[in-house]
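Below: the structure, in structure tokens.
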Amino acid sequence: MAIVKTIYKRLLQSYGPQLWWPAETEFEVMVGAVLTQHTSWTNVEKSITSLNKKNALHIEAIMQMPETELSTLIRPSGFHRVKAKTLISLATLIHEQYDGSVEKLKKLPSNKKRIILLGVKGIGPETADDILLYALNEPCFVIDEYTKRIFKRVGKTPNNGSYNSWQKMLDKEFKGSLNEMREYHALLVVLGKNHCKSDPNCTGCPLVDICVYGSSHMSAS
DNA sequence: GTCCCGTAAG
DNA sequence: CTTACTGGAC
């Protein structure tokens, strides 16, 4: 079986369904996707909690909130000034162009949705794909640092290292349902946190035997 | 001091 | 390509 499918099966078997994204609403998924940029999820949770306490985890509240107040609320997530601008731009876009309805956004063709998201300053390809996958029901491969690191070590790398070439390579080899695409990204993140860190910990990794890096780093120890 | 589910700007 | 953006956990 092709390596990309094999890895999915292994990870699902090892870790079970992850049922991502952890959020109450689709807009909350979007907020979380922005806040978790280069930031650990535990810090994002602090921000989400603060926003919830202010009853501010919805489009109108974010849109109307003074930038300084919002940036204070999301402080634990880091890059808070930049991220506050991004969240206000995103909320304003949905409010003004789509009647404040995520459902309207969702109904647009997938390529258009992606272009719209990428048009928001502060939303790049990874965040756009997170939002497409977990908020707008659009199956796609999210290419984050974990994904690249894991597939590089396993021995599966695209011709050039661009975001698009990674995505094309993986989308081509794994045509999954929406739910499977959601699970795959979640499972790769779990593997990245548990084993495939920048300083790798191959002991107990469910992929050691099929990983180029893992195979050459387990014998000696 | 290093690492977090990055992005924009120079 | 490099650097700025930022704070919290370990």
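As the structure is a prediction and not an experimental result, all values here were calculated from the model. Below, each value reflects all heavy atoms present in this structure, side chains not excepted, and no hydrogens, waters or symmetry copies. A note on names: the letters A, B, ... follow the listed sequences, proteins ahead of strands, and every chain is numbered from 1.
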Round to the nearest Å and state the distance from [X] atom [atom1] to [N] atom [atom2].
X	N	atom1	atom2	value
A/I74	C/dG7	CD1	P	11 Å
A/K193	C/dC10	NZ	P	12 Å
A/D199	B/dC3	CG	P	8 Å
A/L35	B/dT7	CG	P	13 Å
A/L117	B/dT7	CG	P	12 Å
A/D129	B/dG6	CG	P	13 Å
A/N43	B/dG6	CG	P	13 Å
A/K148	B/dC4	NZ	P	13 Å

Polar side chain donor-acceptor pair, [X] to [Y], under 3.5 angstrom:
X	Y	value
A/S77	A/S47	yes
A/E28	A/N52	no
A/S165	A/S162	yes
A/N43	A/R75	no

Determine: side-chain N/O of [X] to OP1/OP2 of [N], distance under 4.0 Å, yes or no.
X	N	result
A/R149	B/dC3	no
A/R81	C/dC5	no
A/T127	B/dT7	yes
A/H38	B/dC3	no

| said: I'd like the P distance from C/dG8 over to B/dT7, given in whole Å. | reply: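 B/dT7 and C/dG8 have their P atoms separated by 22 Å.
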| query | Taking the P atom of each, how far is B/dG1 from C/dA4, in whole Å? | reply | 16 Å
Using a cut-off of 4.0 Å on non-hydrogen atoms, how would the nucleic acid contact of [X] be classed: base, sugar-phosphate, or nothing?
X	value
A/S198	sugar-phosphate
A/G124	sugar-phosphate
A/I123	sugar-phosphate
A/V82	sugar-phosphate
A/K121	sugar-phosphate
A/D130	base

| request: With DNA chain C as reference, determine whether A/F79 or A/K46 sits nearer its 5' end, using the nearest nucleotide of each. | output: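 The 5'-side residue here is A/F79.
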| Pairwise 5' ranking along DNA chain B for A/L118 and A/A186, keeping only the more 5' one | A/A186
| request: Take the angle between the ring planes of A/H185 and A/Y134 and call it parallel below 30°, perpendicular above 60°, tilted in between. | output: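 Ring orientation, 0 to 90° scale: tilted.
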| Under 30°, 30 to 60°, or over 60°: which ring-plane class applies to A/F174 and A/Y184, parallel, tilted or perpendicular? | perpendicular
